[in-house]
Amino acid sequence: MQLPSAKDTIFSQPHEAVGAFQFDASVAAVFPDMIQRSVPGYQTILTGIGELTKRHAQPHTRLYDLGCSLGAASLTMRRVVDQTYGCSIVAVDNSPAMLQRAQEYIQAFHSEVPLSLHCADICDFPIDNASVVVINFTLQFIAPDARLALLKRIYNGLLPGGILLLSEKIHFNDAALQASIEHLHLQFKRANGYSELEISQKRSSLENVLISDSEAQHLQRLKAAGFTEAGIWFQAYNFAAFLAIKS
Ligand code: GEK
């Protein structure tokens, strides 16, 4: 689901002091353009979320989108589930600016499948009767020591056969590998029109806000949360999408 958007120029002018990145109204206004031009494979991941939801959604259950931003994954899931299935979509974000825009997008696309938006911290939002839980590029913004508890709550809220779809920016422990793959990501951003100034100011702004894990850390944490089956279903450079199944 590609959402219409204004162009992201947030870091195009020099900022005297680059503050910590915030999901405020200025980001919400350009977010579809920003994520599309910054995250390689974003659209493919949304398509995969649709396909995997079609395959794993169970009748009369909830499909969660945790850290929904403007609702791209929610809208994708809503489009693929048959309304006769009796599923409902629960989208959660703690940014009022994001949710305000999400509401506009959700109203613009008609569907009989119920979709509710919640302004809340995903770390303490109740998860229950779930067959699909999506966290698309949001765990990386949660305090590292709170991540396992969140995954455990997701595991407990999933029904047997339910799935977690987790997408994240990842890092590599080997320095040479990390440098080369990071280079590919920077080239992707340059090819999408971001200047050196925009790239470096955004990087400073995300420092200590977006804290990535390695593939091994993710797989270990998923296992510790209870998932016995987990693996990467898609990867583009340093952006990976994991599928974990509750058996
Ligand atoms: C997409 N999933 O387009 N509780 C709730 N929301 C949070 C929290 C929290 N503790 N921390 C951050 N957020 C989307 C993209 S963006 C990813 C997700 C990115 C929210 C935050 O407000 C923002 O909307 C979202 O997580 C992360 O598929 O910007 O790289």
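Numbering of ligands and ligand atoms starts at 1, following listing order.
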Visitor: To the nearest 0.1 Å, how far is atom 16 (S) of ligand 1 from its closest protein heavy atom, and which atom is that?
Guide: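 Going by distance alone, atom 16 (S) of ligand 1 is nearest to Ser69 OG, 3.2 Å.
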Visitor: With a heavy-atom distance limit of 4.0 Å, tell me whether Ile142 approaches ligand 1 through its side chain, its backbone, both, or neither.
Guide: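 Looking at Ile142 and ligand 1, just side chain atoms fall under 4.0 Å.
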Visitor: Is Arg37 paired with Glu198 through a side-chain N to carboxylate O contact shorter than 4.0 Å?
Guide: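 Not counted as a salt bridge, because no side-chain N and carboxylate O are separated by less than 4.0 Å.
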Visitor: Side chains of Ser95 and Asp93 only: does a donor on one sit below 3.5 Å from an acceptor on the other?
Guide: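 No, no side-chain donor-acceptor contact under 3.5 Å.
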Visitor: Any heavy atom of Ala120 sitting closer than 4.0 Å to ligand 1?
Guide: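 A heavy atom of Ala120 does come that close to ligand 1.
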Visitor: Mind checking whether Val92 has a heavy atom under 4.0 Å from ligand 1?
Guide: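 The answer is no, since Val92 has no heavy atom less than 4.0 Å from ligand 1.
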Visitor: Please report which non-hydrogen protein atom sits nearest to atom 27 (C) of ligand 1, along with the residue it belongs to and the distance in Å to one decimal place.
Guide: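 The protein heavy atom lying closest is Thr138 OG1, 3.5 Å.
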Visitor: Pick one: which of Leu46, Leu166, Thr76 meets side-chain contact (heavy atoms from CB on, under 4.5 Å) with Asn136?
Guide: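 Passing option: Leu46.
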Visitor: Between Tyr42 and Phe137, what is the ring plane arrangement, given parallel below 30°, perpendicular above 60°, and tilted in between?
Guide: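 It falls in the tilted class, 30° to 60°.
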Visitor: Classify the angle between the aromatic ring planes of His218 and Phe242 as parallel (below 30°), tilted (30 to 60°) or perpendicular (above 60°).
Guide: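 Answer is tilted, since the angle falls between 30° and 60°.
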Visitor: Measuring only between side-chain heavy atoms, which start at C-beta, is Leu219 closer than 4.5 Å to Phe227?
Guide: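 The answer is no, as the side chains (C-beta and beyond) never meet within the 4.5 Å cut-off.
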Visitor: Are any of the N/O atoms on Tyr42, whether in the backbone or the side chain, positioned under 3.5 angstrom from an N/O atom of ligand 1?
Guide: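 Yes - when backbone and side-chain N and O of Tyr42 are compared with those of ligand 1, one distance drops under 3.5 Å.
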Visitor: Identify the closest protein heavy atom to atom 19 (C) of ligand 1: which residue and atom is it, and at what distance?
Guide: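 Looking at atom 19 (C) of ligand 1, the protein heavy atom closest to it is Phe141 CE1, 3.6 Å.
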Visitor: Ligand 1 and Gly67, any nitrogen or oxygen pair closer than 3.5 angstrom?
Guide: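 Between Gly67 and ligand 1, an N or O pair is found under 3.5 Å apart.
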Visitor: Under a 4.0 angstrom heavy-atom cut-off, which atoms of ligand 1 come close to Asp121?
Guide: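 Counting atoms of ligand 1 from 1, those under 4.0 Å from Asp121 are 4 (N), 9 (C), 10 (N).
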Visitor: To check your reading of the model: name the closest protein heavy atom to atom 22 (O) of ligand 1, its residue, and the distance in Å.
Guide: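 Nearest neighbour among protein heavy atoms for atom 22 (O) of ligand 1, to 0.1 Å: Asp93 OD1, 2.6 Å.
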Visitor: So which heavy atom in the protein is nearest atom 17 (C) of ligand 1, and how far is it from that ligand atom?
Guide: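 Its nearest protein heavy-atom neighbour is Phe137 O, 3.0 Å.
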Visitor: Can you hop from Leu70 to Leu165 via hydrophobic side chains spaced under 4.5 Å?
Guide: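 Both belong to a single hydrophobic cluster.
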Visitor: May I ask you to identify the nearest protein heavy atom to atom 29 (O) of ligand 1, giving residue, atom name and distance to one decimal place in Å?
Guide: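 It is Phe23 CE2, 3.1 Å.
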Visitor: Should the heavy atoms of other residues, nucleotides or ligands under 6.0 Å from CD of Glu229 be counted, would the total exceed 12?
Guide: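 Yes, enclosed.
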Visitor: So which heavy atom in the protein is nearest atom 13 (N) of ligand 1, and how far is it from that ligand atom?
Guide: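 That would be Asn94 OD1, 3.5 Å.
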Visitor: Any nitrogen or oxygen of Ile122, main chain or side chain, under 3.5 Å from a nitrogen or oxygen of ligand 1?
Guide: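 Yes; at least one N/O pair falls below 3.5 Å.
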Visitor: Should we say atom CD of Glu182 is surrounded by more than 12 heavy atoms from elsewhere, each under 6.0 Å from it?
Guide: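 Check passes, neighbour count above 12.
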Visitor: Students should be able to answer this: which protein heavy-atom is nearest to atom 28 (O) of ligand 1, and at what distance?
Guide: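 In this structure, atom 28 (O) of ligand 1 has Asn136 ND2, 2.9 Å as its nearest protein heavy atom.
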Visitor: For Lys152, which of Leu150, Ile154, Leu148 qualifies under side-chain contact (heavy atoms from CB on, under 4.5 Å)?
Guide: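 Exactly one pass, corresponding to Leu148.
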